[in-house]
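Single-structure report; data block below.
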Amino acid sequence: MSSGTGSFQTRQLSLAKGQSLFDKMPRGTVIRVAVGTVARVQRIALDQSTLVQRTVMARGAVHCVQVSGWLDLVAQSDAELVLLVPQPVSWQPLWGALAACLAKMLPRRAGRPTSAGQPLETQGGVTAAVARPPAACSPG
């Protein structure tokens with residue numbers, strides 16, 4: 001049975017004595033033993049050899065997967081497990097918000113009025129706001 005809870009997917013599994021679950025589990029997966037006893041077997045590849053780590057987890061035990069990889073869960077007795085598997089994060093909304101924020105902050109090219117209402121003028125490759133004297137100060 002699976003149900004969504006925030007950014008995690010909940011999986012409930014039942015294993016009979018001797019059954020195993022061999023699955024690739026992402027970093028951050030939480031394994032909880034609700035009933036029974038389970039052996040967690042993790043194989044870590046080192047240069048020319050493999051390190052095998054076997055940990056027995058009894059009822060109520062919780063393990064958080066630190067590094068994504070293949071885990072073997074072997075039921076030592078009839079067992080029920082609850083797995084909380086993190087869901088991938090979508091970065092698209094974040095990038096869209098960042099692009100909108102940058103578009104507001106960055107100045108546009110020549111022709112855009114400044115905040116004082118003065119036009120931008122380009123001379124010799126340099127863009128600058130040019131203040132015009134008020135009409136009352138014009139000679140003539």
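What you see is a predicted model, and the numbers here were worked out from it, not measured in a lab.
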* Between S14 and Q19, which heavy-atom pair has the shortest distance, and what is it? -> O-OE1, 4.0 Å
* **Heavy-atom pair of closest approach, residues V38 and A79** =>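 Minimum heavy-atom contact is CG2-CB, 3.6 Å.
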Evaluate the side-chain proximity of [Y] to [X]: yes if any heavy-atom separation is below 4.5 Å, no if none is.
X	Y	answer
V65	V30	no
D72	V74	yes
Q42	L51	no
V62	I31	no
R27	T29	no
D23	R11	yes
K24	L71	no
L13	L21	yes

* Are the side chain of T37 and the backbone N or O of S77 linked by a donor-acceptor pair below 3.5 Å? -> no
* Check: D78 side chain, K17 main-chain N or O, donor-acceptor pair, under 3.5 Å ->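 Yes, the answer is positive, given that a donor and an acceptor are paired below the 3.5 Å cut-off.
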Could you give the distance from [atom1] ([X]) to [atom2] ([Y]), rounded to the nearest 0.5 Å?
X	Y	atom1	atom2	answer
R54	R43	CZ	CZ	9.5 Å
L98	C101	CG	SG	6.5 Å
L102	W95	CG	CH2	9.5 Å

* Can you hop from M25 to V85 via hydrophobic side chains spaced under 4.5 Å? -> yes
* To do: Let me see the working for L73 and L81 under side-chain contact (heavy atoms from CB on, under 4.5 Å), right down to the final yes or no.
  => CA-CA 10 Å; L73 301 172; L81 305 173; 3.8 Å; yes
* To do: Consider only side-chain N and O atoms of T55 and R40, and report whether a donor and an acceptor are under 3.5 Å apart.
  => yes
